[in-house]
Number of protein chains: 2
Amino acid sequence: MRTPTIQDVARQAGVGVGTVSRVLNNHAAVKSATREAVLKAIADLDYTPNPHARRIAGGKSYTISVLLPVLTTEFYTRLLDGLETAFQEARYDVAIFPLLDRSRLERYLASHTLAYQADGLVMATYNLTEVFHERRLRTQQPTVLVDAFAENVDCSFMDNVTGGRLAGEYAAALPGALYAIWVETELDQLFTTRVFEDRRSGFLGALAAAGRGVEAEYTSSFDTLAARNTAATLLDRVQAAPGGLPCTVFASADLLAGALLDEVRVRGLTAGRDVRIIGFDDQPWAAARGLTTLHQPVEGMGYEAAGLLLSRLSGYPGPPRARRFEPRLIIRDTA
Amino acid sequence: MRTPTIQDVARQAGVGVGTVSRVLNNHAAVKSATREAVLKAIADLDYTPNPHARRIAGGKSYTISVLLPVLTTEFYTRLLDGLETAFQEARYDVAIFPLLDRSRLERYLASHTLAYQADGLVMATYNLTEVFHERRLRTQQPTVLVDAFAENVDCSFMDNVTGGRLAGEYAAALPGALYAIWVETELDQLFTTRVFEDRRSGFLGALAAAGRGVEAEYTSSFDTLAARNTAATLLDRVQAAPGGLPCTVFASADLLAGALLDEVRVRGLTAGRDVRIIGFDDQPWAAARGLTTLHQPVEGMGYEAAGLLLSRLSGYPGPPRARRFEPRLIIRDTA
DNA sequence: TTGTATGCGTTATCAG
DNA sequence: CTGATAACGCATACAA
């Protein structure tokens, strides 16, 4: 059975193809009776427009390319959810391009896929606009950055400085020494992100403003084992110091906070009393474990990014816009 | 500057569009002089054919969709490399569809991208053919399975039973008690894989054939911390048992083997003497750490899968074919 | 061996 | 408001 075309729909509904196309793109005015008829025919035939033909005819394929770091983490899953929800509402499809390393980016750039297939581009975390400018001077698609900031392009980003500051302000009011654990980012020059730098500067800034400072800082790679080891090292030091407890630790990612929580319990200490812990992310398990942490409106950020891009696609000409999202401190048991 | 079309190339080369199209698809006979001219024009204009137009006109878009579990692991990176290399040689682009969970699959199924864009489909690890049959009765694209086996479809797979057997045969000849660590696979019914079951049955089978058996088996989730804890638990038992050393451990993934290696060293034991370790994967670091492990021809498996699909695309009508690849035991220092 | 005409599924333009 | 019909960029049968 052949896949139905717009012609089939037109015939079935007893109208012209032009009319079908109009309801498809909810154009101008179509008498609601005929619109109903067309919609019914579409449903009956289970018709979906062929994006390739759309691209040829109208210059739009109704698909968006999303470039993002591997989506192993909850953050990117949620981000993608926000993006896809918005794009779906606007009847756009999204094609995902996972960025593992530079060689993968090269492959994407070399392939025709990226260049032709999409009406727009969203780049998450990494600002690759310059690479694109260098390589593909033609096909300049509207682009939006998400979870990253740049002057010359629309972007929707999380204000990690504020996140760090909120943690800092809250921690500064707590008794006992202050510690922090950061995430080591070992990426090459191209794939660079400033999230942890930002969280750190916000945190340290707030502490300074309150006349306080950290006792020590630790760095861990983003890995459960490394996080656990770092937690152990930190607690060794705290427990060895006279009057080391209680203390407060800003674990700048929930993965780190979780490991610390484990290590605290193993040592017979109590989180929230002996060791106060502030995480960052508000992962799904955070509520159950009573983790005080920064919640990020990730879906919202994605949704907004999509909106920005969509507005460009429908012709919005203004200067680059930046949408800032702020994490919110969720106070639970651990601090 | 407008992106050049086939018309522009034809004009530039002083030939008709038909001729350009012929050299593009290296059709029939084109006088090599005119072919040169066309090729030159193509290069001069930096022309690339528009896949959407190709799809409309000829029914082929020269892109392949690849569905795979998140590619965080080296295995999938290599697999993708093999696939992409083969497809690139045949001038096909590949679009990646990372499968995180069922909801993501649903999104893909709902989108037009998957349905329309590709000439063929490759599914890695998970056999989703049935879901596809249920949902998209139309658009039946040629499909190939990679890293998975099924009767009714072309597939290119790794024989994990053999891998386990090789490990078992080697381990059976070693003195001391035998242990094994498996990876816990906690996926829903849809996303199910038998790799670790297979490795286990091969391993246990070989042991039985040699009149031996395992002292104990452990299961760990695929995570550095969990692996380390499992290693510790295992070594606790071994060291507590009288005459527990030397022993041999089949760690059915290099991640597990690496954690065990770490734990062995921490305890002042020597890998390859006190504790013999056999891994599985031959990750990049395995050679440097002297890990005895099973090497898998992953790229080859991917390359072959692509070849299978490509042959279908060019009309090969035969019955489903299965290409089997065998891991190879690499003996180094740890066993 | 090569140019021309037709069609692919849509959108857009223009009469009606 | 709606129906023809001309593009869109390419492949392909048909002529030459």
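In what follows, chains carry the letters A, B, and so on, assigned in the order in which the sequence lines appear, proteins first and then strands, with residues in each chain numbered from 1.
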TODO: Calculate the interatomic distance between B:Ile56 atom CD1 and D:dC8 atom C1'; express it in whole Å.
DONE: 10 Å
TODO: Look at B:Arg54 and D:dC10 and indicate whether a side-chain polar atom (N or O) is within less than 4.0 Å of OP1 or OP2.
DONE: no
Task: B:Lys60 NZ to C:dC8 P, straight-line distance once rounded to whole Å - done: 18 Å
Open item on the list: Just N and O in the side chain of B:Thr19: are any of them under 4.0 Å from OP1 or OP2 of C:dT2?
Closed with: no
Open item on the list: Determine whether a donor-acceptor pair (one donor, one acceptor, N or O, separation below 3.5 Å) exists between the side chain of A:Arg22 and the base of D:dG3.
Closed with: yes
Open item on the list: Quick one, B:Leu313 and B:Ile64 - any side-chain contact, counting heavy atoms below 4.5 Å?
Closed with: yes
- [ ] Please state whether the phosphate of D:dA11, meaning OP1 or OP2, lies under 4.0 angstrom from any side-chain nitrogen or oxygen of B:Ser21.
- [x] yes
- [ ] Respond yes when some side-chain nitrogen or oxygen of B:Tyr47 is under 4.0 Å from OP1 or OP2 of D:dC10, and no when none is.
- [x] yes
Task: Minimum-distance nucleotide (side-chain atoms of A:Gln7 versus D:dA11, D:dC8, C:dT10) - done: C:dT10
Open item on the list: Under the criterion side-chain contact (heavy atoms from CB on, under 4.5 Å), I'd like the reasoning laid out for A:Asn50 against A:Thr5: C-alpha separation, chi angles, the key distance, then a yes or no.
Closed with: CA-CA 8 Å; A:Asn50 180 327; A:Thr5 74; over 6 Å; no
Task: d(CG, A:Asn50; C1', C:dG7) in whole Å - done: 14 Å
Task: Step-by-step side-chain contact (heavy atoms from CB on, under 4.5 Å) determination, B:Ile96 to B:Tyr76 - done: CA-CA 12 Å; B:Ile96 302 173; B:Tyr76 288 108; over 6 Å; no
TODO: Could you please name the option among D:dC10, D:dT2, C:dT10 that lies closest to any side-chain atom of A:Lys31?
DONE: D:dT2
- [ ] To the nearest Å, give me how far apart CG (A:Asp119) and C1' (C:dT10) are.
- [x] 14 Å
Task: 5'-most by nearest nucleotide on DNA chain C - B:Val17 or A:Tyr62 - done: B:Val17
- [ ] May I ask you to check if B:Arg323 and B:Phe325 form a cation-pi contact, with NZ or CZ under 6.0 angstrom from the six-membered ring centre and within 45° of the axis?
- [x] no
- [ ] Grab the CD1-P distance between A:Ile6 and C:dA12 for me, whole Å please.
- [x] 11 Å
- [ ] Measure from CG on A:Asn25 to P on C:dA12 and round the result to the nearest Å.
- [x] 6 Å
Task: Under-4.0 Å side-chain N/O to phosphate OP1/OP2 contact, A:Thr5 with C:dC8 - done: no
Open item on the list: By nearest atom, which of the nucleotides C:dG3, D:dT5, D:dT2 is closest to the B:Val15 side chain?
Closed with: C:dG3
- [ ] In whole angstrom, give the distance that lies between atom CG of A:Leu24 and atom P of D:dT2.
- [x] 15 Å
TODO: Write down the distance between CZ (A:Arg35) and C1' (D:dT2), rounded to a whole number of angstrom.
DONE: 13 Å
Open item on the list: Return the CG to CG distance between B:Leu128 and B:Leu99, rounded to the nearest 0.5 Å.
Closed with: 6.0 Å
TODO: Give the nucleotide from the list D:dC8, C:dA5, C:dC8 with an atom nearest to the side chain of B:Ala57.
DONE: C:dC8
